[in-house]
Amino acid sequence: QVQLVESGGGLVQPGGSLRLSCAASGSIFRIYVMAWYRQAPGKQRELVANVRSGDSTSYADSVKGRFTISRDNAKNTVALQMNSLKPEDTAVYYCYGVIGSSSDTRSSRNYWGQGTQVTVSS
């Protein structure tokens with residue numbers, strides 16, 4: 001079993017910055033993908049950014065140039081640096097991982113963190 005625990009959410013003024021962190025623990029052999037999703041009230045959960053095992057990254061158009069995702073393979077962590085925050089970035093942010101517990105790729109499973117609230121408001 002694998003657990004994902006997020007930290008770093010909070011209240012910030014427009015134009016400000018926040019850094020989210022997510023730590024994976026448990027039975028981890030390999031992390032294939034780690035990502036951040038977000039869900040605003042009344043909206044569907046959407047992908048914000050992801051980073052794959054080769055360290056390739058991708059971003060939602062709405063956050064390109066403002067957010068940066070990074071991972072530390074040694075520590076099994078992923079971070080999301082959010083700059084120039086806007087009120088429309090307000091949402092619960094979820095950490096997501098595709099993680100295998102053995103060398104068999106069929107052992108990979110999808111995991112979610114519990115979510116952390118980010119509120120951008122003056």
Side-chain angles (χ1 to χ4, degrees):
Q1 190 69 6
V2 173
Q3 296 79 41
L4 300 180
V5 178
E6 303 107 333
S7 60
L11 173 64
V12 64
Q13 292 187 342
S17 298
L18 278 177
R19 184 177 179 85
L20 305 182
S21 296
C22 173
S25 62
S27 182
I28 299 171
F29 177 81
R30 183 174 183 180
I31 297 177
Y32 295 94
V33 178
M34 293 200 81
W36 290 94
Y37 284 74
R38 67 185 181 187
Q39 187 167 20
K43 294 188 177 182
Q44 289 188 330
R45 190 173 297 189
E46 63 174 356
L47 176 65
V48 176
N50 67 23
V51 55
R52 298 185 175 274
S53 56
D55 287 339
S56 63
T57 59
S58 64
Y59 297 90
D61 287 343
S62 59
V63 307
K64 281 180 181 177
R66 300 188 298 122
F67 291 10
T68 302
I69 190 170
S70 60
R71 63 187 280 178
D72 185 327
N73 294 323
K75 297 181 179 179
N76 291 332
T77 59
V78 63
L80 185 70
Q81 178 65 42
M82 305 184 293
N83 299 328
S84 302
L85 282 161
K86 305 175 181 180
E88 51 263 44
D89 294 317
T90 296
V92 177
Y93 284 70
Y94 296 91
C95 180
Y96 167 83
V98 180
I99 299 171
S101 58
S102 74
S103 58
D104 187 345
T105 56
R106 293 172 296 180
S107 73
S108 66
R109 298 289 185 270
N110 302 333
Y111 297 94
W112 291 92
Q114 79 285 357
T116 185
Q117 177 70 45
V118 171
T119 302
V120 184
S121 175
S122 55

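Just so it is clear, the structure is predicted and the values come from calculations on it, not from any experiment.
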Indicate if Val2 and Val5 have the same hydrophobic cluster label, given that clusters are the connected sets of ILVMFWY residues with side-chain heavy-atom separations under 4.5 angstrom. no
Provide the closest heavy-atom pair for Gly115 versus Tyr94 in the form atom of the first, atom of the second, distance. CA-CD2, 3.6 Å
Tell me, with the steps shown, if Thr57 and Thr68 meet side chain to side chain contact (heavy atoms under 4.5 Å, CB included). CA-CA 9 Å; Thr57 59; Thr68 302; over 6 Å; no
Using a cut-off of 6.0 Å, state whether more than 12 heavy atoms not belonging to Glu88 lie near its atom CD. yes
Identify the two heavy atoms, one from Ser101 and one from Ser107, that lie closest to each other, and give their separation to 0.1 Å. N-OG, 3.1 Å
From Asn50 CG over to Ser56 OG, what is the distance, rounded to the nearest 0.5 angstrom? 7.0 Å
So for atom CZ, which belongs to Arg52, do other residues, nucleotides or ligands contribute more than 12 heavy atoms lying within a distance under 6.0 Å? no
Between CZ of Arg109 and CD of Gln1, what distance do you get to the nearest 0.5 Å? 10.0 Å
Contact summary for Ser62 and Arg38, nearest pair of heavy atoms: OG-NH2, 3.3 Å
Can you label the angle between the Tyr96 ring and the Trp112 ring as parallel, tilted or perpendicular, going by 30° and 60°? tilted
Contact summary for Lys64 and Tyr59, nearest pair of heavy atoms: CE-O, 3.4 Å
Run the side-chain donor-acceptor check on residues 10-30: report pairs under 3.5 Å with partners two or more places apart or on a different chain.
residue: Ser17; atom: OG; partner: Asn83; partner atom: OD1; Å: 2.9
residue: Arg19; atom: NH1; partner: Gln81; partner atom: OE1; Å: 3.4

If you look at every heavy atom in Val120 and Asp89, which pair is closest and at what distance? CG2-CB, 4.2 Å
Tell me if a side-chain donor or acceptor on Gln39 pairs with a main-chain N or O of Ala91 at a distance below 3.5 Å. no
Nearest 0.5 angstrom please: Ile69 CD1 to Leu80 CG, how far? 6.0 Å
d(Ile99 CD1, Asn76 CG) to nearest 0.5 Å is 7.5 Å
Are Val98 and Val48 connected, step by step, through hydrophobic side chains (Ile, Leu, Val, Met, Phe, Trp, Tyr) whose heavy atoms are closer than 4.5 Å? no
Side chain to side chain contact (heavy atoms under 4.5 Å, CB included) between Val78 and Ile31, intermediate numbers included: CA-CA 11 Å; Val78 63; Ile31 297 177; over 6 Å; no
Give me the atom names and distance for the closest heavy-atom approach of Ala35 to Leu47. CB-CD1, 3.9 Å
With hydrophobic residues grouped by side-chain heavy-atom distances under 4.5 Å, do Val51 and Met82 end up in a single group? yes
Same cluster or not: Tyr93 versus Tyr37, using hydrophobic residues (I, L, V, M, F, W, Y) connected whenever any side-chain heavy atoms lie under 4.5 Å apart? no
Any side-chain donor-acceptor pair under 3.5 Å between Thr77 and Asp72? no
